[in-house]
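For ligands, and for the atoms within them, numbers begin at 1 and follow the listed sequence. Below, all heavy atoms of this structure are taken into account, side chains as well, without hydrogens, waters or symmetry copies. For this chain, numbers begin at 1 and follow the sequence in order.
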Amino acid sequence: MKKPFLTLAQARELKETYPTPFHIYDERGIRENARALKAAFAWNPGFKEYFAVKATPTPGILKILREEGCGVDCSSLTELMMAQRCGFSGGEIMFSSNETPAEEFELAARLGANINLDDLTHVDFLHKTLGRVPETVCCRFNPGGTFTLGEGKEGFQVMDNPGQAKYGMTRPQLAQAFTRLRELGAKRFGIHAFLASNTVSNEYYPALARILFHTAVDVAAETGCRVSFINLSGGVGVPYRPGEPVNDIAVIGEGVRRAFEEIMVPAGLGDAAIFTELGRFMLAPFGHLITTAIHEKHIYKEYIGVDACAANLMRPAIYGAYHHITVLGKEDAPCDHTYDVVGSLCENSDKFAVDRELPEIATGDILAIHDTGAHGFSMGYNYNGKLRSAELLLREDGGVELLRRAETPEDYFATLVW
Ligand SMILES: *Cc1c(COP(=O)(O)O)cnc(C)c1O
C-alpha cells in the first residue's frame with residue numbers, strides 16, 4: 001500500500017489558500033531519506049551526494065538538502081545560477097552537462113564547481129574557453145554495449161543501452177582525456193558514468209561501482225593520473241507501483257563498500273571519495289501532485305477529469321509511466337471502479353491513469369498523485385496555455401510553506417511581443 005503524506009482535511013484546508021492543482025513536498029521524508037543515504041556511505045570519508053537539480057529545481061528544496069550535507073549537480077546555466085543563489089559554491093557543485101555552451105563552463109569554473117567533461121573534444125574546448133583547465137576535473141565514461149543485471153524468469157532486473165546513449169567517452173578516449181588534461185595542468189581526476197535509469201535493484205550501484213573502480217585502477221596505472229573521486233551519478237530508482245521492490249540504500253552502500261575494499265584499496269586508491277548525483281531517489285516519493293476531480297464522463301470508458309494535466313506532470317503522457325493515485329478520504333474504500341483519470345490538454349496522451357481500479361470518485365474529490373517529487377514539476381510546460389502550478393512544502397512541524405507561487409496569465413504573456 002502506498003500511503004499519502006497528506007490527509008483529506010489538510011488538503012481541503014490548503015485548497016482554500018492554494019487552489020489545486022499544486023505540488024507538495026514532505027520535509028520529514030526528504031530529511032530522513034537524505035540521512036539514510038549519508039549513513040549508508042559513511043564508510044567513505046569523502047562521500048557526497050550532489051542532488052540532480054533538474055529533478056526538482058526549487059530553492060526551498062535545495063536548501064533542505066544543503067542542510068543535510070548534500071551538494072548539487074547542475075547541467076545548465078540557470079541551474080548553476082540557482083545553485084549560486086542558494087549558497088552552493090566550489091566543491092559543493094558538480095557540473096555534469098553535455099554539448100556544453102562556453103558560457104556554462106565559464107560560470108561553472110567561476111563558481112569553482114567540479115566540472116565533468118562529457119567528451120574528449122571538450123578538453124580543448126574547456127581549455128580554450130577558460131584559458132586554463134581546473135586542477136580538479138572529472139570525465140564521463142561510457143562503456144558502450146548493453147548493461148544488464150539480474151536475469152530472472154521475467155527478464156532482466158535492469159537493462160539499458162549505453163552503446164546507444166549520447167553521453168560520455170569511450171575507454172581509450174578516457175585515458176587520452178586524462179593525459180591531455182594533465183598536460184594542461186589538471187592534478188586531481190574523477191570518473192563518472194550513468195548506465196541505467198530508475199533501477200529498482202540493490203545491485204545497480206555496486207555493479208556500476210565495480211566497472212568504474214576497475215576503470216579507475218587501469219586508467220590511473222596507464223596515465224599516472226591521480227583518481228581522487230568516483231561519481232556513481234544517478235539512476236537509483238523508486239517503486240512507483242505498490243508492491244514493487246524497494247531499494248535498500250544501506251544494502252546498496254554496503255555493496256559499494258565491498259567493491260571498494262576489493263578493487264580500490266589494494267590498488268592504492270583507498271583515499272578516493274565516492275560521489276552520487278541522485279535525483280529521483282532523493283525526492284520522488286516525497287512529492288505529491290494534488291488535484292481535484294472536476295468532471296466525470298461516461299462514454300465507451302469511464303473518465304474522471306481533473307484540474308491537473310500533463311503540463312503539471314509529464315511522465316505518464318510521454319513514457320506511459322505509472323503514478324499511483326489515492327483518492328483522499330477514501331484510502332480504505334474498495335477499488336471497485338475502473339477509470340481513466342485525465343487532464344484537459346487537447347492530447348489524448350494526457351492521462352494520469354488508464355484503466356485504473358479506484359474507489360468511486362465524485363466530482364470535488366481530491367486526488368493525490370504519488371511520487372511526483374522528482375521529474376514532476378520540473379518537466380512542466382505551457383502547452384495549451386496551461387500554467388505551472390504552485391509548489392508547497394509540508395514542514396516537519398506540520399505547517400505549510402509556499403516555495404513557488406502558481407504562474408498567472410501575466411507570466412505566460414510576459415515574453416511576448418505584441
Ligand atoms: C538526470 C541525471 C541525474 C539524476 O538522475 P536520477 O535518475 O534522477 O537519479 C544524475 N546525473 C546526471 C548527469 C543526470 O543527467
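The distance from ligand 1 to the heavy atoms of Gly279 drops below 4.0 Å at these ligand atoms: 4 (C), 6 (P), 8 (O), 9 (O). Residue-ligand proximity, Arg280 to ligand 1, at heavy-atom distances under 4.0 Å covers atoms 6 (P), 7 (O), 8 (O), 9 (O). In summary, the atoms of ligand 1 found under 4.0 Å from a heavy atom of Ser233, numbered by their order in the structure, are 10 (C), 11 (N). Per-residue contacts place Ser96 under 4.0 angstrom from the following atoms of ligand 1 (heavy atoms of the residue considered): 13 (C). Residue Asp73 approaches ligand 1 through these ligand atoms, each under 4.0 Å from one of its heavy atoms: 10 (C), 11 (N), 12 (C), 13 (C).
The environment of CG in Asp397 is crowded: more than 12 heavy-atom neighbours from other residues, nucleotides or ligands sit within 6.0 Å.
Put simply, part of Gly235 is less than 4.0 Å from ligand 1, judged by heavy atoms. Not close to ligand 1: Ser75, with no non-hydrogen atom less than 4.0 angstrom away. For Phe194, the heavy-atom gap to ligand 1 drops under 4.0 angstrom. Contact annotation: Arg140 has at least one heavy atom less than 4.0 Å from an atom of ligand 1.
A donor-acceptor pair is defined here as one N or O able to donate and one able to accept, closer than 3.5 Å; no such pair exists between the side chain of His323 and the backbone of Pro316. Remark: side-chain polar atoms of Tyr25 are not paired, donor with acceptor, to backbone N or O of Leu403 under 3.5 angstrom.
Counting heavy atoms from C-beta outward, Glu92 and Arg66 have side chains that approach closer than 4.5 Å. Looking only at side-chain heavy atoms (C-beta outward), Phe5 and Ile24 come within less than 4.5 Å of each other.
In terms of protein heavy-atom proximity, atom 14 (C) of ligand 1 is nearest to Lys54 NZ, 2.8 Å. Here the heavy atom of the protein found nearest to atom 10 (C) of ligand 1 is Glu277 O, 3.0 Å.
There is no side-chain donor-acceptor pair under 3.5 Å between Glu203 and Ser201. Side chains of Ser344 and Lys386: a donor-acceptor N/O pair is present below 3.5 angstrom, by distance only. Judged purely by distance below 3.5 Å, without hydrogens or angles, the side chains of Asp355 and Thr338 never pair a donor atom with an acceptor atom. A donor-acceptor contact under 3.5 angstrom links the side chains of Ser96 and Glu277, judged on distance only.
At a 4.0 Å heavy-atom cut-off, ligand 1 does not touch Asn198 at all. Of the heavy atoms in Ala55, none comes closer than 4.0 Å to ligand 1.
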